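Taking it in order: structure first as structure tokens, then the write-up.
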Amino acid sequence: MSTLLGCIADDFTGATDLAGLLARSGRKVSLRIGLPEGPSDDPAPFEVIALKIRTAPVDTAVAEACAALDWLRAAGAERFFWKYCSTFDSTPEGNIGPVSEALMDRLGARQTIYCPAFPENGRSIFMGNLFVGRQPLAESPMKDHPLTPMRDSNLMRLLEPQVTGKVGLVDRLCVAQGAEAIRAELDRLAGQDIAHVVVDAVADADLDAIARACRDMALMTGGSAVAMPLPDLLAETGKLREGASRPEQPRLAPEAFVASGSCSAMTRAQVRSFLDAGRPGFRLRPEDLDRDGIGPARDWLQAQDLTQAPLVYASADPDDVRAAQDALGVARAGTLVEDALAELAVLARDLGARRFVVAGGETSGAVTGALGVARLDIGAEIAPGVPWCYCNSAGAEIALALKSGNFGTEDFFQGALEKLDER
Ligand code: ADP
């Protein structure tokens, strides 16, 4: 089988989100963590490569994205998608525009679109302006983001300093007329040498029309949502072969392990809800880890019945987090927790755990790294943007649910584990 659509994502949980939405189509989607080593042995029709280049220096971001493109082309892909955050997280230097331009150059593409809209999650674009819920981007909490503060809501103005080519807009009035009107407007703009086109979208129907209009573009760019219609559209071309369906959910042993390193409000509510339901839990404190090491947590985990899905959590409220950071430094407090959860996940696997639920973006990176996971096959969605993923760790088939910060509802841990037994 060869790849139909090759996707490059600028961070890890963004890649999981995209892979989950593509897999809604019921087709086989594979997620690779970092640039894969060597040629693809068994490419899936839909491949997503998770890079970590959102805030990397521009040269690094461009080089890694181009290497990912080459790998996807070697796997057979002729259509490509560049995925960034639905809040267009970037600085005036990049990396959204420079990566798009480099990928277009390599593909010989004259034009691409920019559509970070994700209506299901409240991200919409009107007259080129991005909204987060009812707030313009620049009035949303994103204005204070520590790395990529977004101080303008206008996507054309944000994009212009990032690219050398001309920037234009297909507005909602055109999008509302459907795929053919969008296609005609893109052609008209191409006639004026407009290479970078922001496209308005406020609803899923808009995204369907946009994806259809852009079906033949070598490169599309955006948030995850505009890619969602692509599997079905590409299937219409007849290029999708037999065996391209999502694999059956494997039957895995019931032993499970839940690790939570996220301190977001939703994750803390999820931890509370899981413990309130009578599940066994062990709280990690960075200060204890610094003083006593990981021994007590290992001893506790070793004594647990893994069919009860024991939870180890460092999730704490802001005051506790601040106290730990004041005592140990922000980086040291974070690393102590991430390293401990990663080591405990490996111990759980060695003790027989085959189902893992992990909360936290950075925490997910640490745990998958320690489990030696490079490729994940995407399964059923648990919550929007959070699918079950299947992979191999030290010879064992395992399932992983990787959840970033505020995703999911309060019963997420419980619900995720139950979902795995649905047939
Ligand atoms: P999220 O997806 O919610 O941002 P992450 O895992 O990406 O979660 O980030 C949470 C960070 O906070 C991690 O680096 C983690 O190690 C750190 N952390 C977790 N618990 C604590 C704590 N009690 N004190 C200090 N830092 C913590």
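First listed ligand is number 1; within each ligand, the first listed atom is number 1. Keep in mind that this is a model prediction, so the values were computed, not measured. One-based numbering along the sequence shown.
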Open item on the list: Is it the case that ligand 1 has an N or O less than 3.5 angstrom from some N or O of G334?
Closed with: yes
Open item on the list: Taking distance alone, with N or O pairs closer than 3.5 Å, would you say A314 contacts ligand 1?
Closed with: yes
Task: Closest protein heavy atom (residue, atom, distance) for atom 10 (C) of ligand 1 - done: G261 O, 3.3 Å
Task: Within-4.5 Å side-chain heavy-atom neighbours: L21 and R24 - done: yes
Task: Residue part near ligand 1, for A316, under 4.0 Å between non-hydrogen atoms - done: side chain
Open item on the list: Quick check for you: to the nearest 0.5 Å, what is the distance between D377 atom CG and E397 atom CD?
Closed with: 9.0 Å
TODO: Within a distance under 4.0 Å of any heavy atom of E362, pick out the atoms of ligand 1 and give their elements.
DONE: 5 (P), 6 (O), 7 (O)
Open item on the list: Show the atoms of ligand 1 that are less than 4.0 angstrom away from any heavy atom in V337.
Closed with: 16 (O), 19 (C)
Open item on the list: I need the atoms of ligand 1 closer than 4.0 Å to a non-hydrogen atom of G361, numbered in the order shown.
Closed with: 1 (P), 2 (O), 5 (P), 6 (O), 7 (O), 8 (O)
Open item on the list: If I apply the N/O under 3.5 Å rule, does T335 come out as touching ligand 1?
Closed with: no
TODO: Look at the side chain of Q414 and the backbone N and O of Q270, then say whether any donor-acceptor pair between them is shorter than 3.5 Å.
DONE: no
Open item on the list: Pairs of nitrogen or oxygen atoms closer than 3.5 Å, one from D320 and one from ligand 1: do any exist?
Closed with: no
TODO: Name the closest protein heavy atom to atom 8 (O) of ligand 1, giving the residue it belongs to and the distance to 0.1 Å.
DONE: G360 CA, 3.3 Å
- [ ] Taking only heavy atoms of C263 into account, list the atoms of ligand 1 that are under 4.0 Å away from them.
- [x] 19 (C), 20 (N), 21 (C)
Open item on the list: Are T221 and H196 packed together at the side-chain level, in the sense that at least one heavy-atom pair is separated by less than 4.5 angstrom?
Closed with: no
- [ ] Do me a favour and list the nearest non-hydrogen protein atom to atom 13 (C) of ligand 1 with residue, atom name and distance?
- [x] E338 OE2, 3.4 Å
Task: Polar atom proximity, Q325 to ligand 1 (N or O, under 3.5 Å) - done: no
Task: Nearest non-hydrogen protein atom, atom 3 (O) of ligand 1 - done: S262 OG, 2.7 Å
- [ ] Look at the aromatic rings of F274 and F413 and report parallel, tilted or perpendicular, splitting at 30° and 60°.
- [x] perpendicular
Task: 4.5 Å side-chain heavy-atom contact, Y390 and P250 - done: yes
TODO: Report yes if the side chains of F46 and F81 come closer than 4.5 Å at any heavy-atom pair, otherwise no.
DONE: no
- [ ] Report the part of P286 (side chain from C-beta onward, or backbone N, CA, C, O) that has a heavy atom under 4.0 Å from ligand 1; answer both or neither where that applies.
- [x] side chain
Open item on the list: Between R354 and A396 (side chain of the first, backbone of the second, donor and acceptor by atom type, cut-off under 3.5 Å), is there such a pair?
Closed with: no
- [ ] Mark up the atoms of ligand 1 that fall under 4.0 Å of a heavy atom belonging to T363, in ascending order.
- [x] 6 (O)
Task: Minimum side-chain heavy-atom gap M142-D89 below 4.5 Å - done: yes
- [ ] Report the relative orientation of the aromatic rings in F257 and F356; use parallel for angles under 30°, tilted for 30 to 60°, perpendicular for over 60°.
- [x] perpendicular
